[in-house]
Amino acid sequence: MSMLIIDFETKSRCNLKTAGAYNYAQDESTDVLCCSFIPQDSNDDREFLWYPSEGQLPDKIVKLIKSASLIAAHNAGFDRLIWDFIAVNDYGFPEVDLDDWYCTSAQMRVNNLPASLEDAARALNTRHKKDHRGAQLIRLLSIPQKDGEFHTTPELLAEMGAYCLQDSRTTKGIVNATRLMTQTEHSDWLNNEDINDRGVKIDRPMALAAQTYSNDEFLEIATELALATNGVITRHTQSARAAQWVVERLHSEEARNMMFKYVAGEPKLTLDKQARAALIDADTLGTIELPEDVFTVITLIDEGNQSSVSKFKNMVLRADVETDKVQGAFVYAGASQTQRYASRGLQMHNMPSRNLYKSIDEAWTTYDRMIKGAKIDKPVMQTLKKMLRHAVMPNDGELLVIGDWTGIEARVLPWLSDSDGGNLKLDKIESGVDVYTEAAHAIGTENRAVGKVMELACGYEGGANAFKVFAKSYGVVMPEEDIKPAIDKWRLANSWVVTFWRALESAAIKAVQNPRKTFSAGLIDYMFEPDLIEGTLLCFLPDGSTLQYPKARLERDSFGISVTALKASVKMKADADEWPRESLYGGRLAGHCAQGTAAALLRNLISRVDKVIAHVHDELILSVPEDEADDYLLMLDDAMGFVPDWAEGLPLDAKCEIAERYKK
DNA sequence: TGCGGCGGCGCC
DNA sequence: AAAGGGCGCCGCCGCA
């Protein structure tokens with residue numbers, strides 16, 4: 001295998017960040033500034049740099065490309081588009097098959113390292129100092145200047161070339177300091193590129209109308225806020241100011257206490273959604289009395305705080321002008337701890353799903369009003385929020401087929417534990433026993449909601465805090481002194497999971513103590529590889545895929561020894577000298593294994609199913625020709641119920657439906 | 001003016 | 001045995 005690392009620097013009038021890579025690459029103003037080529041082989045120190053001013057790509061580089069088995073780039077999705085849309089047509093670059101692309105950022109993510117070149121290099125200590133000049137050069141050369149023209153200074157271009165080469169050297173460094181993607185990972189990455197190319201069609205007129213409504217509403221809210229607060233608060237987003245303003249106007253200690261949340265044990269003043277709900281509820285019940293202006297302010301902030309509405313804006317900015325499709329929304333292994341997918345740009349993974357319209361007819365009624373610009377139900381922001389999913393639509397002449405796995409993680413966790421108690425739980429789930437009611441009984445209550453909160457909050461070693469967070473969102477109230485005993489009772493009734501936490505933790509510790517030997521917990525295997533990334537703890541999931549914990553080591557704290565490792569998702573602070581770390585206690589390991597295995601199931605499903613346009617962790621969305629929708633529905637139902645060889649004994653069940661619009 | 005940190009909010 | 005975990009985006013705010 002010979003890999004050629006390439007890197008484009010480009011310029012454009014199109015805003016890459018807001019328009020996305022697909023629009024950027026196809027914008028007529030987009031052009032190449034330079035491109036670097038470096039073989040990945042550490043024994044091969046050739047380097048090539050090409051500028052468009054040299055004319056067509058020289059033969060020796062064309063030969064180099066043709067002799068390479070893979071073309072690698074950091075965020076190869078971007079370089080692939082520049083290559084296909086610009087370099088092949090304008091500069092004689094040879095065509096490269098999709099299958100021959102390789103993404104080094106994806107390689108960082110499968111190694112559980114930060115995705116960006118800069119951060120991956122910092123985490124690996126291969127390059128410490130942030131390259132401010134690089135960012136400066138991008139501002140100088142890649143975007144139009146104030147006069148609307150681009151700099152063409154040869155000196156600056158030469159500096160950009162050097163910067164481009166340096167990036168490729170850094171890429172070569174991090175590629176060779178970490179594990180390459182396996183064939184399966186590479187093929188899953190390619191499947192993701194396919195989905196990104198396909199795109200998600202959005203309803204442009206509806207998204208545009210939504211923006212008009214929300215702009216008007218934001219203005220109105222701002223005016224009323226300023227009026228109610230004498231100009232102290234001028235926007236609903238001024239959270240610190242609003243919290244201060246409100247707390248100063250509360251009469252009772254009890255009311256003020258509702259405005260504190262605890263972060264790492266420290267009390268913090270907040271006027272977040274839960275604090276607002278608590279204040280309003282207590283006022284309604286009469287246990288506290290809110291001054292009228294405070295009530296007004298809280299209500300206004302509630303109405304304004306529908307951040308999801310900004311997705312309408314993203315849809316319009318990112319949709320292709322001709323096809324109305326948003327491409328490139330998914331990131332393979334974007335969640336590096338668990339290898340779940342992430343979604344960016346038009347973030348498909350956090351569309352509002354609660355308190356939506358009960359029937360699609362109600363949604364269509366609102367839709368008609370929106371398209372006409374007529375009045376829609378108040379509060380306006382809530383109405384728009386309800387409509388957001390429906391702005392995602394099938395391709396022309398097609399229908400959506402949506403499938404949703406039932407309680408996937410609640411099944412995966414007991415299955416992974418490979419225990420009698422876990423199997424009993426699976427049997428109950430399969431035979432339709434209501435596990436929430438049962439959990440309620442286990443802790444001595446008939447209240448099913450309490451049981452639900454216990455099940456959701458406790459599976460990953462969550463304590464009283466976790467319980468409270470879930471309890472609030474499900475409207476469950478439990479006296480403080482009852483919480484801890486309830487958790488203890490739940491753990492007693494689910495001792496298989498407590499055993500599994502301890503087993504995972506112990507296997508991880510033993511693995512680090514005994515390099516290259518395998519230690520099991522349930523269906524999970526751990527092994528420590530001392531020569532990978534300063535020592536990496538490998539976690540093998542049942543499908544053979546791995547979760548990685550780089551720079552793993554044993555650390556002693558007040559409770560004893562535990563494994564700690566680099567935490568990719570927390571950004572290293574500018575003045576820090578080591579990348580942030582995390583402690584791998586049993587509950588956290590269990591969470592990673594359950595999410596990771598669910599993600600493995602989804603990847604497996606995606607590799608078997610055609611016409612996928614989107615997915616949301618346990619949900620798959622296809623766009624299929626209308627007259628084939630019934631067939632695809634049956635197919636998807638089968639595909640989602642199919643249990644791969646490696647998952648024998650795991651019951652899978654899905655709800656699938658045909659829909660004219662995306663919905664919950 | 002640009003940035004990094006942080007609070008807030010949405011989802012599974 | 002203490003600990004929910006995993007994300008991305010938006011806007012504010014303080015600092016350089």
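In what follows, chains are A, B, ... by sequence order, proteins preceding strands, each numbered from 1. Just so you know, these numbers use all the heavy atoms, side chains as well, and skip hydrogens, waters and symmetry mates.
Across all strands shown, A/G463 has heavy atoms under 4.0 Å from sugar-phosphate atoms exclusively, and none from any base. Heavy atoms of A/S343 sit under 4.0 angstrom from primed sugar atoms or phosphate atoms, though from no base atom. In this structure, A/I408 reaches neither bases nor backbone, as no heavy-atom distance under 4.0 Å exists between it and the strands shown. If you check every strand for non-hydrogen atoms under 4.0 Å, A/R276 touches sugar and phosphate atoms only. Backbone-only engagement by A/K268 is indicated by non-hydrogen atom pairs under 4.0 Å involving sugar-phosphate atoms exclusively. Nucleic acid contact class of A/Y341 (heavy atoms, under 4.0 Å, all strands): none. Among the protein residues, A/A457 comes within range of no part of the nucleic acid, since none of its heavy atoms lies under 4.0 Å from any strand. Among the heavy atoms of the strands lying under 4.0 Å from A/K567 are primed sugar atoms or P, OP1, OP2 only; no base atom is included. Here A/G586 lies out of heavy-atom contact (under 4.0 Å) with every strand. Counting non-hydrogen atoms under 4.0 angstrom, A/K261 reaches the backbone sugars and phosphates but no base. Residue contacts shown for A/G462 are limited to sugar-phosphate atoms, with no base heavy atom under 4.0 Å away.
Taking the charged nitrogens against the carboxylate oxygens, A/E185 and A/R109 have no contact shorter than 4.0 Å, which rules out a salt bridge. Salt-bridge formation is detected for the pair A/E455/A/K425: a Lys NZ or Arg NE/NH1/NH2 atom is positioned less than 4.0 Å from an Asp or Glu carboxylate oxygen. The residues A/E461 and A/R502 are annotated as salt-bridged, a charged nitrogen and a carboxylate oxygen being separated by less than 4.0 angstrom.
Inter-residue side-chain proximity for A/R389 and A/R661 is flagged as unmet; no heavy-atom pair is nearer than 4.5 Å. Looking only at side-chain heavy atoms (C-beta outward), A/H617 and A/W405 stay at 4.5 Å or farther from each other.
If you take CH2 of A/W501 and C1' of C/dA3, they are 10 Å apart, rounded to a whole angstrom. Summarising the geometry, the separation between CD on A/Q382 and P on B/dC9 is reported as 13 Å, rounded to the nearest angstrom. At whole-Å resolution of the value, CG in A/N355 and P in B/dG10 are 10 Å apart. Distance A/F470 CZ to C/dG5 C1': 9 Å, rounded to the nearest Å. Going from atom CG of A/L388 over to atom P of B/dC9 covers 17 Å, rounded to whole Å. In this entry the distance linking CD1 of A/I487 with C1' of C/dA1 reads 14 Å, nearest Å. Atom CH2 in A/W490 sits about 13 Å away from atom P in C/dG4, given to the nearest Å. Going from atom NZ of A/K664 over to atom P of B/dG10 covers 16 Å, rounded to whole Å.
Below the 3.5 angstrom threshold, one finds a donor paired with an acceptor across the side chain of A/E505 and the base of C/dA1. Side-chain to base pairing of A/R340 with C/dG6: one donor and one acceptor N or O lie within less than 3.5 Å of each other.
Within the structure, side-chain hydrogen bond (donor to acceptor under 3.5 Å, both in side chains) contacts touching residues 216-225 of chain A (residues at least two apart or in different chains) do not occur.
Regarding contacts with the backbone of C/dC10, a side-chain N or O of A/N314 is found under 4.0 angstrom from either OP1 or OP2. For C/dC7, the OP1/OP2 oxygens have a side-chain nitrogen or oxygen of A/S569 closer than 4.0 Å. The phosphate of B/dG8 (OP1 or OP2) has no side-chain N or O of A/N305 nearer than 4.0 angstrom. For A/K17, no side-chain nitrogen or oxygen approaches OP1 or OP2 of C/dC9 to under 4.0 Å. Phosphate proximity of C/dG5 to A/Y585: present, with a side-chain N or O under 4.0 Å from OP1 or OP2. Residue A/R588 places none of its side-chain N or O atoms closer than 4.0 Å to OP1 or OP2 of C/dA2. Distances shorter than 4.0 Å separate some side-chain N or O of A/S353 from OP1 or OP2 on B/dC12. Checking the phosphate oxygens (OP1, OP2) of C/dA1, no side-chain nitrogen or oxygen of A/R502 falls inside 4.0 Å. Distances shorter than 4.0 Å separate some side-chain N or O of A/T270 from OP1 or OP2 on B/dG8. The phosphate of C/dG6 has neither OP1 nor OP2 within less than 4.0 Å of any side-chain N or O from A/H617. Listed pair A/R139 / B/dC3 meets the phosphate criterion, a side-chain N or O lying under 4.0 Å from OP1 or OP2. The side chain of A/K385 places an N or O atom within less than 4.0 Å of a non-bridging phosphate oxygen (OP1 or OP2) of B/dG10. Contact check, A/K313 against C/dC9: no side-chain N or O comes under 4.0 Å of OP1 or OP2.
Where A/V331 and A/N465 each meet DNA chain C at their nearest nucleotide, the meeting point lying more 5' is that of A/N465. DNA chain C is contacted by both A/Q238 and A/G560; A/G560 maps to the nucleotide lying nearer its 5′ end (nearest heavy atom per residue). Nearer to the 5' terminus of DNA chain B, by closest-nucleotide assignment, is the contact made by A/M572 (compared with the other of A/M572 and A/R389).
The minimum heavy-atom distance linking A/Y341 with A/I606 is given by the pair OH-CD1, 3.6 Å.
Ranking C/dC9, C/dC13, B/dC12 by closeness to the A/Q347 side chain, first place goes to C/dC9. The side chain of A/E461 sits closest to C/dA3 out of C/dA3, C/dG4, C/dC7. Side chain of A/A342, nearest nucleotide from C/dC7, C/dC13, B/dC11: C/dC7. Checked against C/dC7, C/dG6, B/dG7, the side chain of A/S239 finds its nearest nucleotide in B/dG7. Nearest nucleotide to the side chain of A/Q595, out of C/dC13, B/dG8, C/dG4: C/dG4. Considering only side-chain atoms of A/K273, the nucleotide from B/dC12, B/dG10, B/dG8 that sits closest is B/dG10. For A/S336, whose side chain is taken as the heavy atoms from C-beta onward, the closest listed nucleotide among C/dG6, C/dC7, B/dC9 is C/dC7.
Ring pair A/H592/A/Y549: centre-to-centre distance below 6.0 Å.
Side chain to side chain, A/K385 and A/N355 fail the donor-acceptor criterion of an N or O pair below 3.5 Å.
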